[in-house]
Number of protein chains: 2
Amino acid sequence: MAVAESARKKSGAAIDVSSMDKVIGYRLRRAQHYVFQQFGESFAQYDLRPSEYSTLVLVEDNPGRRQNEIADALGIKKANFVALIRGLVERGYIELAQPPSDRRAHALHLTEAGRQLTKQIRKTQDDFEAHCIEMLGGIDARDQLIALLDRLTPPRER
Amino acid sequence: MAVAESARKKSGAAIDVSSMDKVIGYRLRRAQHYVFQQFGESFAQYDLRPSEYSTLVLVEDNPGRRQNEIADALGIKKANFVALIRGLVERGYIELAQPPSDRRAHALHLTEAGRQLTKQIRKTQDDFEAHCIEMLGGIDARDQLIALLDRLTPPRER
DNA sequence: TATTGTTATACTCTATAACTATA
DNA sequence: TATAGTTATAGAGTATAACAATA
């Protein structure tokens, strides 16, 4: 009843959304959009997008790896990763090294400032994740969700 | 082992993605992106985006409702809904009526062509959905997923 | 020949503010 | 004053093709 109440609001009767409310793609989209919106609020102080967060974390966990390896792991096309990396380099969080073995490549590393930032944002993310897990109903529900999402995503896209 | 195999490919060791692989927002994003990509392949013959599909279906189920009511129900901002509706009107699928009670408003209806198209694309969507449900492991898994997504989405965003 | 990173480009989605015409 | 729809605009995200330097 509370749902119908808020759905009505100023308008007349509620809109019938029964054709959409079990559509997997649609519901994934809505949930993802809402979660990212809240992520944005949590990370507003850092002015970091989700893709920038994940890049910093992956570079920390995989120091010295190539630009394209990190991009691939995150499902970001190399062409679109260039500006993202440039932004993080300009902000002083990431630095590029040249592997002697391959002068085309960029080996990614965090700077000291990058390490400090990443330490902080991991905490922010942990808090935010705890909030999401609470919304879901606990760790078991989270694990259940991840297991289901696993099946919707091909192996190399994880 | 198959996963590690495909993750390695041409590169050296696999990238450590353990910091991201249980992050709800990230995993939602990856799954949603993959599902929408496949949706796009299924609907290529119609040249219809997911938002256009859901608009046609909601207009059919809620004939005569206002533009903004449909937009709200789908979580689309009214400003962004204008071009979407215009496209569907130009393609002859939707027509606008003027409610005598409010000359500002547009009441949305499907045209005959719109009804025919919607009949077809509902079938295409049903087939696609069956494929997604199969990936998930059956109807029960689907219902479980929807129930979990419910908790991640505030009531008025469904 | 193939790969790394890059540029250029285009299209989609989303967001906000300000406008118009009506209410 | 407020609402329905519109316009303009800006910022992200994503996609493809083509290029230079290097392998």
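Every chain is numbered from 1 and lettered A, B, ... according to where its sequence line falls, protein lines coming before strand lines. These numbers come from the heavy atoms of this one structure, side chains and all, not from hydrogens, waters or symmetry mates.
Residue S51(B) places none of its side-chain N or O atoms closer than 4.0 Å to OP1 or OP2 of dT12(C). Checking the phosphate oxygens (OP1, OP2) of dT20(C), no side-chain nitrogen or oxygen of R103(B) falls inside 4.0 Å. Residue R86(B) places at least one side-chain N or O under 4.0 Å from the OP1 or OP2 atom of dT7(D). Side-chain N/O atoms of R30(B) include none lying less than 4.0 angstrom from OP1 or OP2 on dT14(D). For the pair H33(B) and dC13(C), the criterion of a side-chain N or O lying under 4.0 Å from OP1 or OP2 is not met. Residue H106(A) has a polar side-chain atom (N or O) positioned under 4.0 Å from OP1 or OP2 of dT6(C).
Two residues, A105(B) and P50(A), neighbour DNA chain D, and the one matched to the more 5' nucleotide by heavy-atom proximity is A105(B). Ranked by how close their nearest DNA chain C nucleotide is to the 5' end, R66(A) and I76(B) are led by R66(A).
Taking each heavy atom of S42(B) and F128(B) in turn, the nearest pair found is OG-CD1, 3.6 Å. Closest of all the heavy-atom pairs between A31(B) and L149(A) is CB-CD2, 3.9 Å.
A salt bridge links R27(A) with D150(B): at least one charged nitrogen is closer than 4.0 Å to a carboxylate oxygen. Note on K119(A) versus D126(A): no salt bridge recorded, every NZ/NE/NH1/NH2 to OD/OE distance being 4.0 Å or above.
The A79(B) side chain lies nearest to dA17(C) when the options are dT22(C), dA17(C), dT4(C). Of the listed nucleotides (dA23(C), dT16(C), dA15(D)), dA15(D) has the atom at the smallest distance from the side chain of K77(A). Distance from the side chain of R104(A) is smallest to dA2(C) among dG5(D), dA2(C), dT7(D). Closest to the V82(B) side chain, of the nucleotides dT14(D), dT6(D), dG5(C), is dT6(D). In this structure, of dA23(C), dG5(D), dC13(C), it is dC13(C) that holds the atom nearest to the side chain of R49(B).
Aromatic ring orientation, F39(A) versus F36(A): tilted (interplanar angle from 30° to 60°).
D72(B) has its CG atom 11 Å from the C1' atom of dA4(D), to the nearest Å. Rounded to a whole Å, the CD1 atom of I85(B) is 17 Å from the C1' atom of dT7(D). Atom NZ of K78(A) is separated from atom P of dA18(D) by 13 Å (rounded to the nearest Å). What separates CD of Q67(A) from P of dT7(C) is a distance of 10 Å, to the nearest Å. If you measure from atom CZ of R65(B) to atom P of dG5(D), you get 12 Å, rounded to the nearest angstrom. Rounded to a whole Å, the CG atom of L88(B) is 16 Å from the C1' atom of dG5(D). Rounded to an integer number of Å, the gap from CG of N68(B) to P of dA23(C) is 15 Å. As a whole-Å value, the separation of Y34(B) OH from dT14(D) C1' is 17 Å.
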Yes or no on salt bridge (Lys or Arg N to Asp or Glu O under 4.0 Å) for D61(B) and R122(B), after CA distance, side-chain angles and deciding distance?
CA-CA 12 Å; D61(B) 290 347; R122(B) 279 191 196 262; 2.9 Å; yes

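Note on Q37(A): only backbone sugar-phosphate atoms sit closer than 4.0 angstrom, heavy atoms only; bases stay farther off. Among the atoms of the strands shown, base atoms are found under 4.0 Å from some heavy atom of N80(B).
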